[in-house]
Number of protein chains: 2
Amino acid sequence: MARPTLVSVARDAGVSRQTVSNALNAPDRVAPETLARVLDVVERTGYRPSRAAQQLRTQRAQSLGFRLQPRTDGIGGTVLDAFLHALTEAAQDVGHRVVLFTAADDAQETTRVEDLLGSRAVDGFVLTGTHRDDARTAWLAGRGVPHTSFGRPWPAVGAPAEPPAAAGAEGCWTDVDGAAGTETATRHVWALGHRRVAFVGWPAGSGSGDDRREGWARAVRDLTGRAPSPRDDARVEDGAAPGRAAVLALLDAPSPPTAVVCASDSLALGARAAAVERRAALDVVGFDDTPVAEAVGLTSVRQPLDAAAASVLEQLLALVDGEQPPVPRRLLAPSLAVRRPGG
Amino acid sequence: MARPTLVSVARDAGVSRQTVSNALNAPDRVAPETLARVLDVVERTGYRPSRAAQQLRTQRAQSLGFRLQPRTDGIGGTVLDAFLHALTEAAQDVGHRVVLFTAADDAQETTRVEDLLGSRAVDGFVLTGTHRDDARTAWLAGRGVPHTSFGRPWPAVGAPAEPPAAAGAEGCWTDVDGAAGTETATRHVWALGHRRVAFVGWPAGSGSGDDRREGWARAVRDLTGRAPSPRDDARVEDGAAPGRAAVLALLDAPSPPTAVVCASDSLALGARAAAVERRAALDVVGFDDTPVAEAVGLTSVRQPLDAAAASVLEQLLALVDGEQPPVPRRLLAPSLAVRRPGG
DNA sequence: TTGTACGCGTTATCAG
DNA sequence: CTGATAACGCGTACAA
């Protein structure tokens, strides 16, 4: 048996094919009895409209482009994977599909985007890792291509920390409030009785890294009444090894901290290792709640990825429909996944 | 300016639209001079054929479905992510796209597959984690839907370890030879001077787990001339905590092993932790070469994911074209990523 | 070698 | 509320 089509359903139901289309797209325009008969045939034959034909007619691919990042060296890459999963799920719930592409660099990304766009394979793009004056954002905006980014467009490295030229021209984005996350983490260990909380983060200049550091500093200021000591503010590259080294240094100094808030689970993993080596009772909090954190029982800041995906989707679909999203820029609050070591 | 189309290109080039189509799809059928003129216009206007229209005509979506697994608890999930990346890259190199979908369970997966298939959004599916008599495989095969799996269809848990009923009816697959991987790992630590090599793997019954154990056992038999001691064969659930516990037990026993080959990086991570705790000089080898392994300097068995993706794609595209793939079932050999702790 | 006619499956418009 | 007609953009026999 061939695949059912609009005309075959119409024939089986004894109506015209337009009636079938109406029954599906505007049920209120068709007589209840006819509707039931049509729907019955649809059900029996398992008919589904052909997306290609639909797209040809409506000029909508009902698909979103997503660039799969090059395999990252660290553990943090899993966050984007988890986001992608949430995005895919949210998209398919509203009848959209996520189409993947890869690119070695930003130039190649433009090529891929042109391919996807030119062949009308997608309606818009979900971007990640954008920064202020991002070439991709500008390129897309210049062509009127709908796009939303997961993550605030941080100022480019070395760029002045001023607001963008045209504040209103800033694109749509959804992000998670990293500062709120580390602040919560710091308050959490404070509540556990720790009075000396250090931070292990990345070198200054990375938007999200500075953001996470700021949350810790803010909490320390609030709780102790004075600014955190620079000695408690380690700045190293991401990774377990750098994290371990940084924490070993902290622990070997006089009057070491009893708790450490980290900018990533990788760093936290290293911090944990250092503590074990020194047999120090050190409470460690990670960031991103990656599978590793769960595996080793690490308390970690968890990003609300389902909510983030839903928000990005809401924004992008509004843009695709030519509307202004209700909330063009949205900052989501993370939560804390509290665990016990070995747990 | 509106999007260029076949007719607009024809108009600009002063030819009929059929000539444009020929210039693109059968360049040898058109006069060189005309060809040049047409291609020039195509280049200038950035024309690309509409995939929707093409698909409507050719009945090919040029898209492959891939189920994004639920976020896994362990670290091992990153292997599939890396495979997906490789697959996306390989697919786009031959003008195909990867379309994602998610499903909470196998029943829901069937629904999603019906959606994608019914709406003709994909030409076939790439499966992962299949087992013998897999309901999905049977379902797809029954409907003549092209599909290939990454991973051998292991016998279902509890099923007899016999070959499938109809050997020839087995579907297409590409897999990595896990046994070869652990055998290489075992020989590696042997070459390093270790004469007592233990294995930390999963409980019997998981296809790939048993496979990996077998490689270790084979190497030990070959190297020592006798079967490995059951005492050196730990069987625990996946995860750093179980791995740590298992290795603590091994180390606390009389005459402990000096090297451990693990069925996963998660287990290896736990093994490493146990060694540090006991201050034991234990060489640990993981499996899958996840980012974590690189982060903490863990030697690990690396799967050739690019080759696997290429193979899966070759098989699936052949199936889509109604042909029998040259190599319907392919087993790839892994390699060993040798690292030093802290590195 | 190039141009003409038709159909792929849908949706939108406009009569009835 | 229903049914005929057109059009979306492209590929492909077929005719010139």
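Letters A, B, ... mirror the listed sequences (proteins, then strands); counts begin at 1.
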Please figure out whether B:Gln59 or B:Ala31 has its closest DNA chain C nucleotide nearer the 5' end.
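Its nearest nucleotide lies further toward 5', so the answer is B:Ala31.
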
Separation of atom [atom1] in [X] from atom [atom2] in [N], rounded to whole Å:
| X | N | atom1 | atom2 | value |
| --- | --- | --- | --- | --- |
| A:Arg60 | C:dA12 | CZ | C1' | 15 Å |
| B:Asn22 | D:dA13 | CG | C1' | 12 Å |
| B:Arg11 | C:dG3 | CZ | P | 15 Å |
| A:Arg37 | D:dC1 | CZ | P | 15 Å |
| A:Arg51 | C:dT11 | CZ | C1' | 12 Å |
| A:Gln18 | D:dT2 | CD | P | 11 Å |

Does [X] reach a base, just sugar-phosphate, or nothing at all? Heavy atoms under 4.0 Å.
| X | value |
| --- | --- |
| B:Arg120 | nothing |
| B:Gln54 | sugar-phosphate |
| A:Arg48 | sugar-phosphate |
| B:Asp28 | nothing |
| B:Ser50 | sugar-phosphate |

Determine, for [X] against [Y], whether the closest basic-nitrogen to carboxylate-oxygen distance falls under 4.0 angstrom.
| X | Y | value |
| --- | --- | --- |
| A:Asp106 | A:Arg67 | yes |
| B:Glu114 | B:Arg143 | yes |
| B:Arg97 | B:Asp123 | no |

Would one find more than 12 heavy atoms of other residues, nucleotides or ligands at under 6.0 Å from atom CD of B:Glu33?
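No - once you tally the heavy atoms of other residues, nucleotides and ligands closer than 6.0 Å, there are 12 at most.
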
Out of [options], which has the shortest distance to the side chain of [X]?
| X | options | value |
| --- | --- | --- |
| B:Pro49 | D:dT12, D:dC10, C:dT10 | D:dC10 |
| B:Val30 | D:dA7, C:dT2, D:dG9 | C:dT2 |
| B:Ser16 | D:dC8, C:dG3, D:dG11 | C:dG3 |
| B:Arg17 | C:dG9, C:dC6, D:dG3 | C:dC6 |
| B:Val15 | D:dG11, C:dG9, C:dG3 | C:dG3 |
| A:Thr19 | C:dT10, D:dG3, C:dT4 | D:dG3 |
| B:Thr34 | D:dC10, C:dT2, C:dG3 | C:dT2 |
| B:Asn25 | C:dT11, C:dT2, D:dG11 | D:dG11 |

Applying side chain to side chain contact (heavy atoms under 4.5 Å, CB included) to B:Val38 and B:Val42, what does each step give before you reach the verdict?
CA-CA 6 Å; B:Val38 170; B:Val42 167; 4.3 Å; yes

Under 4.0 Å between a side-chain N/O of A:Ser21 and OP1 or OP2 of C:dT11, yes or no?
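So the side chain of A:Ser21 is within the cut-off, an N or O lying under 4.0 Å from OP1 or OP2 of C:dT11.
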
